[in-house]
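By convention in this document, chain letters (A, B, ...) are assigned in the order of the sequence lines, proteins followed by strands, and residues within each chain are numbered from 1.
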There are 2 protein chains.
Amino acid sequence: MSKAALNKRWQNGDNGLAIERLPAKESFKSRAYAALKEAITNMNIYGSDEPMLLDERDISERLGASRTPIREAVAMLEQEGLLRAVPRRGILVVRRTKAEIIEMIEAWAALESMAARLATSRASDEAIAELRAFFKEFDLNRIERERCDEYSTANIAFHQALIRLSGSSLLAAMTDNLFFHVRAIRHRTIFEMDRAQRSASDHLEIIQAIEARDADRAERLVRDHTLRLARHVESHVNLD
Amino acid sequence: MSKAALNKRWQNGDNGLAIERLPAKESFKSRAYAALKEAITNMNIYGSDEPMLLDERDISERLGASRTPIREAVAMLEQEGLLRAVPRRGILVVRRTKAEIIEMIEAWAALESMAARLATSRASDEAIAELRAFFKEFDLNRIERERCDEYSTANIAFHQALIRLSGSSLLAAMTDNLFFHVRAIRHRTIFEMDRAQRSASDHLEIIQAIEARDADRAERLVRDHTLRLARHVESHVNLD
DNA sequence: CTTCGAAATTTGGCATACCAAATACCAGCA
DNA sequence: TGCTGGTATTTGGTATGCCAAATTTCGAAG
């Protein structure tokens with residue numbers, strides 16, 4: 001029957017058709033999620049020691065929506081580890097401890113070094129070349145722009161580009177999430193400036209190793225590069 | 001003032017006090033989250049090709065709650081990647097593609113090999129010894145229990161124990177999440193049985209490397225062990 | 001002025017109601 | 001019989017209201 005067939009056609013996900021039920025208009029839930037995440041991103045989380053807490057009703061009237069979709073968005077961000085809803089107290093923005101930040105950098109080292117390994121056997125020469133081109137721009141920025149935020153952003157962008165060479169969207173997604181948290185302490189610390197000099201040569205070596213398709217070396221360079229950052233944070237950054 | 005001081009005390013999160021606002025009664029949201037996750041765990045996701053979809057109203061009356069907390073729980077599980085709410089269609093349980101499963105195993109390899117590295121410099125001899133004791137039990141199970149599910153569970157438990165030796169709760173949390181997805185295909189494939197023979201010796205070697213505090217070797221063994229699983233799935237498992 | 005406690009207020013959790021979109025159903029027509 | 005068009009129903013998204021817990025306020029007692 002045509003009805004059942006049509007139904008079947010909808011139920012089965014991908015049948016070669018590249019459309020996805022046309023975006024429709026984004027739900028309030030998604031919009032609230034994006035808005036809140038954006039707000040948290042631009043928030044100087046570690047700027048003060050006061051607990052930063054949000055108010056559902058305030059947010060809902062600011063976004064012009066009811067509390068329900070806001071609560072769903074909050075539930076998602078809570079699951080993601082950015083917020084934490086404490087009953088009768090408020091929704092507070094989670095501040096990571098120094099130990100947690102270090103764990104994140106270590107996990108980052110694990111994922112990115114694996115990405116480097118995978119990239120050596122999967123990435124095309126062209127893709128790797130793009131990485132080198134990106135590195136040049138990055139290197140120029142290093143000299144010109146002294147502002148810590150911008151350097152940090154460029155630095156993370158380089159690493160993200162490297163990770164995407166692995167072809168694994170999962171590695172990309174997981175590290176993006178980690179970067180979000182690590183980036184949040186950029187206001188508080190200047191650890192990047194300190195590492196700027198040797199970052200440049202580190203990055204160059206990494207690119208060379210990938211170009212040479214040397215999986216072990218690429219993996220090791222990336223791992224050590226990032227673990228060095230972890231040690232640096234451990235000994236020179238003061239949070240809590 | 002005593003009032004302000006008391007207030008301050010509440011606002012500051014951890015002041016060494018190890019209690020957490022006494023559990024109270026768990027919210028419907030958390031209970032719904034746990035119930036749904038449990039249900040999904042015990043669900044044979046890859047048993048059929050039909051799209052598995054849930055109904056909010058059905059779930060809510062089954063759990064004796066309204067739709068609101070259920071929707072919040074669904075939003076969390078959606079963020080976690082287990083569910084996906086499609087407007088006007090239902091909440092469907094996400095079925096991972098083979099490529100996604102392989103990416104998960106690769107990420108797992110990355111995280112666990114890092115855990116092994118960290119364990120070599122952080123875990124106490126006693127903790128490592130416990131790992132060996134665990135391994136023995138595991139080895140016995142290998143012989144006795146032929147059922148694939150049980151073997152898979154024991155296998156994952158071993159790896160979880162290893163990861164916890166790193167002392168990083170983040171690595172533990174991230175891999176737990178990955179295991180959840182990988183475990184879900186246990187009904188469909190018997191890849192563990194296939195690898196059982198050499199898993200035992202692999203695990204023994206890993207333990208020896210950690211005992212010897214050989215970071216590079218421990219890392220490499222764990223990585224290769226898990227990447228071998230990825231290759232195996234790639235060539236012998238059929239999904240989609 | 002400080003302390004104590006009860007009332008008022010705030011706030012988050014939950015339930016319910018409503019709406020619009022999308023599907024399912026069904027009668028009528030070819 | 002098979003197809004079509006329109007109506008009924010289902011369903012997820014959102015708004016609103018209520019409630020209990022927790023906090024704050026404020027006045028009275030010491």
Side-chain angles (χ1 to χ4, degrees), chain A residues 1-12 19-36 51-79 83-93, chain B residues 1-12 19-36 51-79 83-93:
Chain A
M1 305 172 203
S2 70
K3 288 181 295 185
L6 190 64
N7 192 5
K8 201 77 181 169
R9 187 166 185 83
W10 265 118
Q11 289 185 343
N12 293 339
I19 61 174
E20 185 64 25
R21 182 171 270 278
L22 57 96
K25 61 178 189 299
E26 227 173 346
S27 64
F28 279 160
K29 176 176 71 173
S30 331
R31 282 197 282 167
Y33 173 83
L36 282 174
M52 312 189 68
L53 45 83
L54 284 45
D55 178 51
E56 282 183 10
R57 287 175 167 86
D58 178 51
I59 295 170
S60 68
E61 68 184 26
R62 243 190 258 224
L63 289 177
S66 77
R67 288 171 53 212
T68 308
I70 273 74
R71 283 181 59 79
E72 291 172 1
V74 168
M76 287 195 285
L77 290 164
E78 205 176 347
Q79 184 67 19
L83 297 179
R84 183 166 161 206
V86 181
R88 313 296 159 200
R89 191 123 280 278
I91 304 157
L92 52 86
V93 182
Chain B
M1 305 170 203
S2 68
K3 287 181 296 186
L6 190 64
N7 192 4
K8 201 76 181 168
R9 189 167 185 83
W10 266 117
Q11 288 186 343
N12 293 338
I19 61 175
E20 187 63 24
R21 184 173 271 276
L22 59 96
K25 62 177 188 301
E26 228 174 343
S27 64
F28 277 140
K29 178 176 70 173
S30 333
R31 282 197 280 167
Y33 173 83
L36 282 175
M52 313 190 68
L53 45 83
L54 284 46
D55 177 52
E56 282 183 9
R57 287 175 166 87
D58 178 52
I59 295 170
S60 68
E61 69 184 25
R62 242 192 259 225
L63 288 177
S66 79
R67 287 172 52 212
T68 308
I70 273 74
R71 282 182 59 80
E72 291 171 4
V74 167
M76 288 194 283
L77 290 164
E78 205 175 349
Q79 182 66 20
L83 297 179
R84 182 163 163 211
V86 180
R88 313 295 158 201
R89 191 124 282 276
I91 303 156
L92 52 87
V93 182

Trainee: From the list D/dT14, C/dC14, D/dG12, which nucleotide is the closest neighbour of the side chain of B/Arg57?
Mentor: D/dG12
Trainee: To the nearest Å, how far apart are B/Lys29 NZ and C/dA15 P?
Mentor: 14 Å
Trainee: Between B/Tyr33 (OH) and C/dG13 (P), how many Å, whole number?
Mentor: 17 Å
Trainee: Counting only side-chain heavy atoms from C-beta out, which of D/dA15, C/dC18, C/dG13 sits nearest to B/Arg67?
Mentor: C/dC18
Trainee: Starting at CD1 of A/Ile70 and ending at P of C/dG13, how long is that distance when rounded to a whole Å?
Mentor: 14 Å
Trainee: Is there a side-chain polar atom (N or O) of B/Thr68 under 4.0 Å from OP1 or OP2 of C/dC14?
Mentor: no
Trainee: Look at the side chain of A/Glu72 and decide which nucleotide, out of C/dG12, C/dT16, D/dT14, has an atom nearest to it.
Mentor: D/dT14
Trainee: Can you tell which of C/dC14, D/dG12, C/dT11 lies closest to the side chain of B/Arg71?
Mentor: D/dG12
Trainee: What distance separates A/Arg71 CZ from A/Glu78 CD, expressed to the nearest 0.5 Å?
Mentor: 9.0 Å
Trainee: Please give, in whole Å, the distance from D/dG13 P to B/Asp55 CG?
Mentor: 12 Å
Trainee: Which one, C/dG12, D/dT14, C/dC14, comes nearest to the side chain of A/Glu56?
Mentor: C/dG12
Trainee: Could you state the interatomic distance from CG (A/Leu63) to CD1 (A/Ile70), rounded to the nearest 0.5 Å?
Mentor: 5.0 Å
Trainee: Taking for each residue the nucleotide of DNA chain D with the nearest heavy atom, is it B/Leu54 or A/Ala65 whose nucleotide lies nearer the 5' end?
Mentor: B/Leu54
Trainee: Shortest non-hydrogen contact from A/Glu72 to B/Ala75?
Mentor: O-CB, 3.8 Å
Trainee: From C/dC14, D/dA15, D/dG12, pick the nucleotide closest to the side chain of A/Phe28?
Mentor: D/dA15
Trainee: What integer distance in Å separates B/Ile59:CD1 from C/dA15:P?
Mentor: 14 Å
Trainee: What's the CD-C1' distance between A/Glu78 and C/dG12, to the nearest Å?
Mentor: 12 Å
Trainee: Look at the side chain of A/Ser27 and decide which nucleotide, out of C/dT16, D/dT14, D/dA15, has an atom nearest to it.
Mentor: D/dT14
Trainee: Can you check the A/Leu92 CG to C/dT11 C1' distance for me, whole Å?
Mentor: 14 Å
Trainee: In whole angstroms, how far is the C1' atom of C/dG13 from the CD1 atom of A/Ile91?
Mentor: 12 Å
Trainee: Between A/Leu54 and A/Leu36, is there a side-chain heavy-atom distance shorter than 4.5 Å?
Mentor: yes
Trainee: Hey, is A/Glu56 close enough to A/Arg67 for a salt bridge, meaning N to O under 4.0 Å?
Mentor: yes
